[in-house]
Amino acid sequence: MVLKIIKYPDAILRKKAVPVDKISEEIFKLADDMIETMLKEDGIGFAANQGGSLWRIFVINTTPHEDKPTPVVMINPEVLSQEGSVNAEEGCLSFPELYLAIVRPEKVRMHAKDLYNEDFVYEMDGILARAVFHEIDHLNGTLIIDHVGALEQDKVKKYVDGLHCKTTHT
Ligand code: NI
């Protein structure tokens with residue numbers, strides 16, 4: 001089932017997701033729905049908060065530049081180490097049409113469980129490392145607008161004011 005994507009300023013995007021203690025049928029269904037939603041929207045990643053759930057899960061498409069997607073489910077993800085830094089434009093399905101220059105680590109080594117409770121260590125770089133930090137941020141209630149420097153603050157203010165106008169007048 002494709003989930004309704006929660007958009008900013010919904011309060012759930014500011015909540016900290018809680019660790020998954022048991023991989024129940026609910027978790028399976030949620031992961032499946034998150035993958036379906038991410039692929040339909042052409043996203044590289046999708047965090048549980050964005051689908052209205054507060055479990056520490058995100059999904060990521062590890063082959064974003066290929067025709068065939070390779071979705072991976074990351075349960076209770078943790079960063080083990082990181083390296084370097086890159087400044088690049090980044091978007092978010094919860095902020096349609098907003099793209100902000102954000103500095104993120106270049107490489108990440110992370111740990112997560114899969115749907116079968118197996119432990120995995122992943123090493124990723126480039127756009128995938130960026131996606132990992134973006135999605136872990138979501139699970140902690142942190143959003144792209146929290147990362148911007150002084151130059152982009154104006155852009156964020158205009159975007160947020162625009163949302164306010166929309167909710168007031170329609
Ligand atoms: Ni996002």
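Counting starts at 1 for both ligands and their atoms, following the listed order.
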Among side-chain atoms of N76 and H111, is any donor-acceptor pair under 3.5 angstrom? no

Looking only at side chains, do N140 and R56 share a donor and an acceptor under 3.5 Å apart? yes

Ring centroid separation F28 to Y116 under 6.0 Å: yes

For E25, I'd like to know if atom CD has over 12 heavy atoms of other residues, nucleotides or ligands within 6.0 Å. no

Crowded around K107 NZ? As in, over 12 foreign heavy atoms under 6.0 Å? no

Taken by chain and residue number, the protein N/O/S atoms under 2.8 Å from the Ni ion (ligand 1) read C92 SG, H134 NE2, H138 NE2

Cluster question for you: counting only ILVMFWY and a side-chain heavy-atom cut-off of under 4.5 Å, with indirect links fine, are M110 and I75 together? no

